[in-house]
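A quick write-up on the structure given underneath.
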Amino acid sequence: MKKKKSINTIFALLSLGFIAKILSMCARILTTRQIGVDAMGLYQLATPCMLLVITLSQFGLPTAMATLVSRHLKKAKVLLISGLSISFVIAIVMMALTIIFSQFVANNILKNPNILPTLYALALLIPLVCLSAIIKGFFLGLNEIELTSTSTVMEEVGRILFIVFFLDYFASISPAYGSFGAMIGVCVGEIFQSLYMIFFNNRRLYLRVNEFSKIKLRTRYEEGKSIIKISLPLTLSRLIGSITYFLESIIITNLMLKYGYDINVITHDYGILSGYVMPLLLMPGFFASAYANYLLPNLSKSVGQRNYSLAKKKFKKVTIISLITGTFFSLVFFIFPKELMKLLYNTTEGYELVRLLALPFIIYYIESPIIASMHALNLTTKAFYSTVISSIIRILILVLLTQKFAISTVAIATLVSVFVDVIINGYFVIDRLFFHNEKIVL
């Protein structure tokens, strides 16, 4: 019965993840059509800022909450209040910093004053992201995985509704306000997501406010330290990943110019790689995230109960399923690269690179479950070290191989960094879970 339930849960997660991915693509297409090229350019210009701000604002709290709640179910209420307290402080600080520095970023860094309204809208997004992060982590920890997955679908539904009914108004004013409206659409999506989780859960969360308010301040503080212990190295890992991604385009562009490539060729080739090839290969990543979301609370719970035989079984099952699914998609990409590129992008440029990378990319699809296992086994600090090592290797590959492989070096660097991450983290997970589980400190 339990086996059948877990299969049904995984299937539901995959279905919901697929629906959310499709809706996200629809939202992007609708946004582009509604606001036009100029406004979309401004929105894309603000996207790296948005990703950085979200990384810092979430502070790794969803993963920390999911891990701790699943391990200590009796402390779930205290952990929720502690997480919300931390999140509230972070939201206030990040909102203030975003508003204060928006004008400087728009004028001096992004060199476009028209982006200022979008950055102000980004400040509004911060508390919404913080709230949804805590609630999602809380329910993941309680193993209400279908609730959190459905909430992602609701997020996209809310965003699409805003785009259909209200985005035209903003776009009609100016491109700057069109971009502002697109960011407000993201905010509306977060509101839909949080409201869905608050009102449609099995715990009647919205009726228990009085119960939560009685939790003592000292108790909140003690559990808050546990949350930060996990969330801090996780945030640093993501921050290093974001910085590496930011440096990648700068390094590859400057090196290719140095080796005599024309700027137009560089822009074209980088656009093909980052706009067509990599998104296609990364597209099935939603199923790896679904498997990771299933594994994290279940593995944490088993480890918390010292039931290591069950923990091993769950880890092996999810990793093997992820590997099989990844192999299927990689074979599809390897056999039909030209047809897929034509169907999705109406171009066949870059299909040779898709075929070349398809089979090695199998390793990417087991990265998320392995990283989720690292957090479940309280190895978050070691995961941070592996991110540092893989990021350094990624930069070194760009520096050393760009002269020979040109723009393909970006794809090679991405693959090698994923291999390094999987090997290091996989070693720690297997060593700790299968050979030295007595060393697991919770």
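In this chain, numbering begins with 1 at the start of the sequence shown.
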List, one per line, each side-chain donor-acceptor pair under 3.5 Å for residues 234-241, sequence neighbours excluded.
from : atom 1 : to   : atom 2 : distance (Å)
T235 : OG1    : F59  : O      : 3.0
T235 : OG1    : G60  : N      : 3.3
T235 : OG1    : S231 : O      : 2.8
S237 : OG     : P233 : O      : 3.0

Between Y259 and V399, the two heavy atoms sitting closest are OH-O, 4.4 Å
Have Y291 and T325 got a donor and an acceptor in their side chains that come within less than 3.5 Å? yes
For P369, is there any backbone N or O sitting under 3.5 Å from a side-chain donor or acceptor partner on S373? yes
Please tell me whether N298 and S300 have a donor and an acceptor in their side chains that are separated by less than 3.5 angstrom. no
At their closest point, which heavy atom of R355 faces which heavy atom of I335, and how far apart are they? NH2-O, 3.5 Å
Considering residues at least two apart in sequence or located in another chain, which fulfil the side chain to side chain contact (heavy atoms under 4.5 Å, CB included) criterion with T98? V53, S102, A123, I126
What distance do T414 atom OG1 and L398 atom CG have between them, rounded to the nearest 0.5 Å? 8.0 Å
Side chain to side chain donor-acceptor pair (under 3.5 Å) partners of residues 329-340, not counting sequence neighbours, each pair once: none
Tell me if the aromatic rings of F192 and Y196 count as close, with their centers under 6.0 Å from one another. no
Can you run down the side chain to side chain donor-acceptor pair (under 3.5 Å) pairs that involve residues 54-66, sequence neighbours left out, and say none if there aren't any? none
Quick one: pull up CD1 in I251 and OG1 in T409 and give me the separation to the nearest 0.5 Å. 11.5 Å
Can you run down the salt bridge (Lys or Arg N to Asp or Glu O under 4.0 Å) pairs that involve residues 389-415, sequence neighbours left out, and say none if there aren't any? E248-R394
Taking the six-membered ring for Trp and the single ring otherwise, decide whether the centroids of F287 and F329 are under 6.0 Å apart. yes
Separation of F18 CZ from L23 CG (nearest 0.5 Å): 10.0 Å
Ring centre gap for F361 and Y364 strictly below 6.0 Å: yes
Can you measure from CD (E352) to CG (L357) and round to the nearest 0.5 angstrom? 11.5 Å
Rounded at 0.5 Å granularity, tell me how far OG1 in T381 sits from CZ in F428. 10.5 Å
The reported gap from CZ in R159 to CD1 in I163 (rounded to nearest 0.5 angstrom) is 5.5 Å
Name each donor-acceptor pair under 3.5 Å that joins a side chain in residues 127-139 to protein atoms two or more places apart or in another chain, with its distance.
from : atom 1 : to   : atom 2 : distance (Å)
S132 : OG     : L128 : O      : 3.3
S132 : OG     : V129 : O      : 3.1
S132 : OG     : E190 : OE1    : 2.6
K136 : NZ     : T152 : OG1    : 3.3
K136 : NZ     : Q193 : OE1    : 2.8

